[in-house]
Enquirer: 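Take this structure first; my questions come after.
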Amino acid sequence: MASDLVIPGQPIPLPRGPVPQLGRGIYEKDSQVRASLVGVPRFEGSSLVISRVRPQPPASNSVVLGSITRLSPLQALLSIMVVDGIPLPPGEEFTGVIRSQDVRATEKDKVKIGDCFRGGDVVRGLVISLGDARSYFITTARNDLGVIFATSEAGATMEPVSWQEMRCPKTGKVEKRKCAKPEGLL
């Protein structure tokens with residue numbers, strides 16, 4: 001059995017042999033075994049169960065996903081919704097701050113926040129440290145960190161074309177962003 005995290009409604013692959021008893025966090029629909037909780041499927045005796053994964057607040061070196069909520073010339077505010085791959089319950093989001101010097105590793109003094117992020121962009125970042133009493137300092141200064149999802153002015157999902165540009169497939173217009181390298185590329 002793989003130790004992959006599953007989300008509610010996701011089919012769970014079963015090992016060959018007899019079908020195990022279905023325990024907590026698992027149900028069957030249309031002859032398919034599915035998860036009803038976020039967690040990792042595992043066996044307890046002859047039963048297949050999913051134990052609830054408890055979300056943790058961000059810590060130093062946590063990878064977070066969040067949405068840009070506010071921009072200023074010196075920083076972008078991020079509403080953190082996922083910490084280390086575990087979604088936070090609704091209403092329990094944390095606030096992250098991406099300062100202009102934490103956007104990329106080189107040419108830090110030339111960074112313009114408005115050319116890197118827009119409101120509503122979904123960003124993958126790394127927690128540097130606890131900021132002030134209300135927020136965490138986040139960096140996007142690695143190739144795999146930055147904008148992973150953005151919507152163009154025309155309302156279409158944008159595609160990354162370089163580490164600093166995304167293109168609208170509907171209009172062909174190119175907009176500046178600090179893009180994360182898509183997963184799976186060498």
Side-chain angles (χ1 to χ4, degrees), residues 4-11 35 37-39 53 55-108 110-128 131 134-186:
D4 292 333
L5 191 72
V6 293
I7 59 174
Q10 182 176 343
L37 296 172
V38 173
V53 176
Q56 300 291 322
S60 191
N61 291 323
S62 291
V63 175
V64 297
L65 292 179
S67 178
I68 299 291
T69 56
R70 191 176 311 142
L71 296 171
S72 77
L74 298 177
Q75 63 188 23
L77 291 185
L78 184 74
S79 176
I80 298 171
M81 299 175 285
V82 177
V83 177
D84 291 327
I86 301 171
L88 298 171
E92 292 190 24
E93 293 90 6
F94 295 96
T95 300
V97 175
I98 305 172
R99 301 173 298 184
S100 60
Q101 66 263 32
D102 297 326
V103 171
R104 60 180 183 228
T106 59
E107 299 180 328
K108 294 179 181 191
K110 294 182 182 177
V111 171
K112 293 180 180 161
I113 290 289
D115 288 345
C116 299
F117 308 106
R118 299 264 172 90
D121 287 356
V122 177
V123 174
R124 180 187 306 123
L126 183 73
V127 176
I128 303 171
R134 297 180 305 273
S135 61
Y136 294 86
F137 285 137
I138 310 293
T139 183
T140 58
R142 287 190 339 213
N143 289 345
D144 62 323
L145 304 175
V147 176
I148 58 173
F149 178 86
T151 305
S152 70
E153 292 174 356
T157 301
M158 299 184 71
E159 304 163 338
V161 292
S162 74
W163 68 272
Q164 60 184 0
E165 292 178 330
M166 295 184 104
R167 179 178 39 234
C168 173
K170 196 183 270 186
T171 64
K173 184 178 176 191
V174 174
E175 296 180 20
K176 290 187 173 244
R177 297 289 203 285
K178 193 301 184 179
C179 301
K181 183 177 181 180
E183 289 183 15
L185 291 181
L186 297 175

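We're numbering straight along the sequence, starting at 1. Computed from a predicted structure; not experimentally measured.
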Enquirer: Using 0.5 Å steps for rounding, measure from the CZ atom of F117 to the CD atom of Q75.
Expert: 12.0 Å

Enquirer: Show, in sequence, the C-alpha distance, side-chain angles and deciding distance for R124 and L145, and conclude whether the side-chain contact (heavy atoms from CB on, under 4.5 Å) test is met.
Expert: CA-CA 5 Å; R124 180 187 306 123; L145 304 175; 3.8 Å; yes

Enquirer: Looking at every non-hydrogen atom in both residues, tell me the closest pair between P57 and Y136 and how far apart they are.
Expert: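 For P57 and Y136, the tightest heavy-atom pair comes out as CB-OH, 4.0 Å.
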
Enquirer: I need the S79 OG to I68 CD1 distance, nearest 0.5 Å.
Expert: 10.0 Å

Enquirer: What closest approach, in Å, do P8 and V38 show between heavy atoms, and which atom pair accounts for it?
Expert: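 Closest approach of P8 to V38, heavy atoms only: CD-CG2, 3.6 Å.
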
Enquirer: Would you confirm whether K178, through its side chain, and R104, through its main-chain N or O, come within 3.5 Å as a donor-acceptor pair?
Expert: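 Checked: no pair found.
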
Enquirer: To the closest 0.5 Å, what do you measure between CZ (R118) and CE (M158)?
Expert: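 So the CZ of R118 and the CE of M158 are separated by 7.5 Å.
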
Enquirer: Does the side chain of S152 reach to within under 4.5 Å of the side chain of T171, using non-hydrogen atoms?
Expert: no

Enquirer: Using the rule given for side-chain contact (heavy atoms from CB on, under 4.5 Å), can you reason through I138 versus V123, listing the C-alpha separation, both sets of side-chain angles and the distance that settles it, and then say yes or no?
Expert: CA-CA 10 Å; I138 310 293; V123 174; 5.9 Å; no

Enquirer: Keeping the roles fixed (side chain from S60, backbone from I128), state whether a donor-acceptor pair exists under 3.5 Å.
Expert: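 A pair under 3.5 Å: yes.
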
Enquirer: Which atom pair, heavy atoms only, marks the closest approach of V147 to C116?
Expert: CG2-O, 3.7 Å

Enquirer: Would you say the side-chain atoms of Q10 pair up with the backbone N or O of I7, donor to acceptor, closer than 3.5 Å?
Expert: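 Confirmed, Q10 side chain pairs with I7 backbone.
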
Enquirer: State whether the number of non-hydrogen atoms from other residues, nucleotides or ligands found under 6.0 Å of N143 atom CG is greater than 12.
Expert: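 Counting other residues, nucleotides and ligands, CG of N143 stays at 12 neighbours or fewer.
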
Enquirer: Find out whether R177 and D121 are in side-chain contact, i.e. whether some heavy atom of one side chain is under 4.5 Å from a heavy atom of the other.
Expert: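 The answer is yes; the side chains approach within 4.5 Å.
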
Enquirer: Evaluate the side-chain contact (heavy atoms from CB on, under 4.5 Å) criterion for residues K176 and K112: first the C-alpha distance (whole Å), next the side-chain angles of each, then the deciding distance (0.1 Å), finally the verdict.
Expert: CA-CA 10 Å; K176 290 187 173 244; K112 293 180 180 161; over 6 Å; no

Enquirer: First locate atom CG of D115, then atom CD of E175, and finally report the distance between them rounded to the nearest 0.5 Å.
Expert: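 Going from the CG atom of D115 to the CD atom of E175 covers 11.0 Å.
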
Enquirer: Do L77 and V97 touch side chain to side chain, with heavy atoms closer than 4.5 Å?
Expert: yes

Enquirer: Please report the interatomic distance NZ(K173) to CZ(R167), rounded to the nearest 0.5 Å.
Expert: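 So the gap between those two atoms works out to 14.0 Å.
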
Enquirer: For the OG1 atom of T95 and the CZ atom of R70, what is their distance to the nearest 0.5 Å?
Expert: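 It is 8.5 Å, given to the nearest 0.5 Å.
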
Enquirer: Looking only at atom types and distance, does a side-chain atom of T140 sit under 3.5 Å from a main-chain N or O of V103, one as donor and one as acceptor?
Expert: yes

Enquirer: Determine whether S67 and M81 satisfy the following criterion, side-chain contact (heavy atoms from CB on, under 4.5 Å), listing intermediate values before the conclusion.
Expert: CA-CA 8 Å; S67 178; M81 299 175 285; 3.7 Å; yes

Enquirer: Do D144 and V63 touch side chain to side chain, with heavy atoms closer than 4.5 Å?
Expert: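 Contact flag for D144/V63 side chains = no.
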
Enquirer: I'd like to know if D102 and R99 make a salt bridge, using a cut-off of under 4.0 Å between side-chain N and carboxylate O.
Expert: yes

Enquirer: Under a 4.5 Å cut-off applied to non-hydrogen side-chain atoms, are C168 and E153 in contact?
Expert: no

Enquirer: Check whether any side-chain heavy atom of I113 lies under 4.5 Å from a side-chain heavy atom of L74, and answer yes or no.
Expert: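 No. Closest side-chain heavy atoms not under 4.5 Å.
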
